[in-house]
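Sequence lines set the chain letters: A, B, ... in the order given, protein chains first and strands last, and positions in each chain run from 1.
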Protein chains: 2
Amino acid sequence: MPTAGPPPRRRVTMSDVARRAGVSATTASFVLAGRTDMRISEAARQRVQEAARALGYRPNAIARSLRTRSTRTIGLVSDTITTTPYAGEVIRGALEAARDREHLLFITETGGDPGAEPGLVDALLDRDVDAVIYAAMYTRTVAPPPQLRGRRVVLLNCLAPGFCAPSVVPDERGAGRTAARALLEAGHREGVWAVGGRGLAHRPPDGLLAGHDRLRGLTEELAAAGAALAGTSECGWEADDGRRAVAELLARGGPAPRALVCATDRTAFGAYQALADAGLRVPGDVSVLSFDDQDFASWLRPGLTTLALPHHALGRAAVDLVLGGPRPLAPEVHRVPVPLRARGSVGPPAAGGGRVHSPGADGERQGRERTT
Amino acid sequence: MPTAGPPPRRRVTMSDVARRAGVSATTASFVLAGRTDMRISEAARQRVQEAARALGYRPNAIARSLRTRSTRTIGLVSDTITTTPYAGEVIRGALEAARDREHLLFITETGGDPGAEPGLVDALLDRDVDAVIYAAMYTRTVAPPPQLRGRRVVLLNCLAPGFCAPSVVPDERGAGRTAARALLEAGHREGVWAVGGRGLAHRPPDGLLAGHDRLRGLTEELAAAGAALAGTSECGWEADDGRRAVAELLARGGPAPRALVCATDRTAFGAYQALADAGLRVPGDVSVLSFDDQDFASWLRPGLTTLALPHHALGRAAVDLVLGGPRPLAPEVHRVPVPLRARGSVGPPAAGGGRVHSPGADGERQGRERTT
DNA sequence: GTGAAAGCGCTAACAT
DNA sequence: ATGTTAGCGCTTTCAC
């Protein structure tokens, strides 16, 4: 005796529909697939549709896939992307695009363990995904596992030299230029420091690409205006790193910085703290600009002006490309624009040369006033 | 290593393996499935394994699924879960558990549009997922779509009255008690305010469950110590809401608050700002405690003491339950502990009666407090 | 011990 | 204009 719950649901199949409509499975298949390349009488079509609706028919995607070799499914394999605060956005962008194209998305993550990768990719391939998106948390070069060769793959937020697949990455160089322009427009021409981003100054594949390209864009644009970076303070990516780096920057001798270009919003957060500790105001004494646009950027006072890494657009673009791109895919790199979110942290440089805030209630600071 | 060369031509199938091993597909199937309930000679077993390895054989999961009706796949359907900063953690927890059990995870999201839900669920069901996890961004009551009835479902971070499925939610009431205890242990007995969380005081299903249960735990535990909440300041969930609510709280007459229990880290962030604006120090003048444990909680100065909503554990538990739980699943609610992350924002109450500090000159504000 | 044969539910040549 | 037949790659009786 079955339980009182839902009826013992034998799934309704296409031949159930065909039988009820009084046609063959073939005919049913054609009308249900909405195909027109075979002539079906209007009457038959009606009966099939009607039967399908009456029976609550839903095609079995598994059976269909076995036959067609297409699962309408795509796999996302990432290092530790779900860990990062912006990951949600790339996943959401990918999800939206996948939904528009009636595909479902498998998400996997190696958790940073490269040894886990082959197993995950095999699991995806075993399930016959139509395509895979290989994603990295930070823009960098990667080496996708060999099983992926010859498959339909797009690289998200990474570049894979020697692996024939397109990449979708933020336009870091453009972002750097935009950053420079924002500063230039506010009147900054000197005392501009780059802070944060280990490997900021290295070139790929040793450092992160993001840092290298950004810095290039930044310096290029500055140079075009006859200006230059006053210096670079390398440090980690976190708030604490930024705070320490900026504290040291302020403590060292020399002309005071007028603008800080931080590698991440997190380092900018730390920069705000260090600046406040020194009694310096943003943007009155020092302008701050960064990259990411995490949500807290708008909560800070003043709001943090930052270049919004286009996570959502990246996710969307990757899926659109992998599903809708040419066959085979061309191994180009697609650079997605990085818009500026202008908030209050960039302003005109302090009038009268950079000086370190004079001693106040906060405590004695050495008079280190200098003109540049 | 088998395939080092060009892309796989025709996929190698089980009968390829069988042929090479000189056995039937049946035999190959048994040894490859590792089954022992049929006697296979050791020699045959060896040959099959060897052939499979040599050919780089991988079973076709689609074909297998069609036969076995099990896809080793699970679907996650959520409202806008990927949008929230903690979503990454629940996904990661779910991913880990799924991987341990050799399942793959489909992620879908309605984007808050309830009209999108049936389509998404159908897409999942069409692909024959073994189970689905129905998740909500904030703990609340939900009404899963009818197609899900009778399926193997677990509710993640939500409760569905009238829908027979287990739920996995944070132990909000316990969290409230823990919060109270932390305050009590620091010596707080009066001037404790609850701030933030629209619907904090409402009972389900009108308000968010989280708020109701938390508040209950908080008041219960306070009551057990003979203390009570000084009041509740309802407001939204964001930093700005918290800032305004606390500013008003401070501006109104009456005894000054000694401790603030904020609904989210974001409101606590705003509370820090309002407190700093009023020249009040944390925790010297006012203790602050909140819920979430977002990453910035540790960057604030002082570090924010908060109850860490167990997102990762929630994701794991949901998958473990849906895959490993009894058949059928019992509609119980599983409450996951919410650990306290003690940082610096809770301290002993200010000595002497609380008076609202009158804001002095701008220079009187401590730089460090202005940061937030 | 092992293999032949029958499907799982669907699509696509090839008939009529 | 519609039906027949043959698989897709695998599992699983059941017979030898």
Problem set entry | Gap between atoms CG and C1', on B/Asp126 and C/dG9 respectively (whole Å) | 13 Å
Exercise. C/dT2 P sits how many Å from B/Leu32 CG, rounded?
Worked result: 14 Å
For this session: Ignoring backbone atoms, test whether A/Thr13 places a side-chain nitrogen or oxygen under 4.0 Å from the OP1 or OP2 oxygen of C/dC10.
Result: yes
Problem set entry | N or O in side chain of B/Arg35 less than 4.0 angstrom from D/dT11 OP1/OP2 | no
For this session: Assign each of B/Ala44 and A/Arg58 to its nearest nucleotide of DNA chain C by heavy atoms, then name whichever residue's nucleotide is nearer the 5' end.
Result: B/Ala44
Problem set entry | Contact under 4.0 Å: B/Tyr57 side-chain N or O vs D/dG9 OP1/OP2 | no
Exercise. Side chains of A/Thr27 and A/Ser24: is there a donor and an acceptor less than 3.5 Å apart?
Worked result: yes
Seminar exercise, completed: Sorted by position of nearest nucleotide on DNA chain D, 5' first, the leading residue of B/Ile62 and B/Thr26 is B/Ile62
Exercise. C/dG3 phosphate, OP1 or OP2: any side-chain N/O from B/Thr27 under 4.0 angstrom?
Worked result: yes
Exercise. Does B/Thr68 place a side-chain N or O at less than 4.0 Å from the phosphate oxygens OP1/OP2 of C/dC8?
Worked result: no
For this session: Would you kindly give the CG-to-P distance between A/Asn60 and C/dG9, to the nearest whole Å?
Result: 7 Å
For this session: Quickly work out the B/Phe30 CZ to D/dT12 C1' distance and round it to whole Å.
Result: 6 Å
For this session: Look at the side-chain N and O atoms of B/Arg39 and state whether any lies under 4.0 Å from the OP1 or OP2 oxygen of C/dG1.
Result: yes
For this session: Establish, from distance only, whether the side-chain atoms of B/Tyr134 and B/Glu117 form a donor-acceptor pair under 3.5 Å.
Result: yes
Exercise. Does A/Ser41 have a side-chain nitrogen or oxygen under 4.0 Å from the phosphate oxygens OP1 or OP2 of D/dA1?
Worked result: no
Problem set entry | Length of the CZ-P vector between A/Arg67 and D/dG9, whole Å | 9 Å
Problem set entry | Below 4.0 Å: OP1/OP2 of C/dG9 and any side-chain N or O of B/Arg69 | yes
Exercise. What's the CD-C1' distance between B/Gln46 and C/dG1, to the nearest Å?
Worked result: 16 Å
For this session: Between B/Val23 and B/Ala63, just flag the one whose closest nucleotide in DNA chain C comes earlier from the 5' side.
Result: B/Val23
Exercise. So what does B/Ala33 hit on the nucleic acid, given a heavy-atom distance under 4.0 Å: a base, only sugar-phosphate, or nothing?
Worked result: nothing
For this session: Counting heavy atoms from C-beta on, name the nucleotide in D/dT4, C/dG3, C/dG9 closest to the side chain of B/Leu66.
Result: C/dG9
Problem set entry | Pair B/Arg69 + B/Asp128: basic N to acidic O under 4.0 Å | yes
For this session: Can you tell me the distance, in whole Å, between the CE atom of A/Met14 and the C1' atom of C/dG7?
Result: 16 Å
Exercise. Taking atom types as modelled, is there a side-chain donor on A/Asn157 or A/Thr139 under 3.5 Å from an acceptor on the other?
Worked result: yes
Exercise. Which part of the nucleic acid, if any, lies within reach of A/Ile40 when heavy atoms closer than 4.0 Å are counted: base, sugar-phosphate only, or nothing?
Worked result: sugar-phosphate
Problem set entry | N/O (side chain, A/Arg64) to phosphate O (OP1/OP2, C/dG9) under 4.0 Å | no
Problem set entry | Distance-only polar pair, side chains of A/Thr73 and A/Asp130, donor-acceptor under 3.5 Å | no
Exercise. To the nearest angstrom, how far is A/Arg45 atom CZ from D/dA1 atom P?
Worked result: 11 Å
Exercise. So, B/Arg11 and B/Asp16, do they make that salt bridge, N to O below 4.0 Å?
Worked result: no
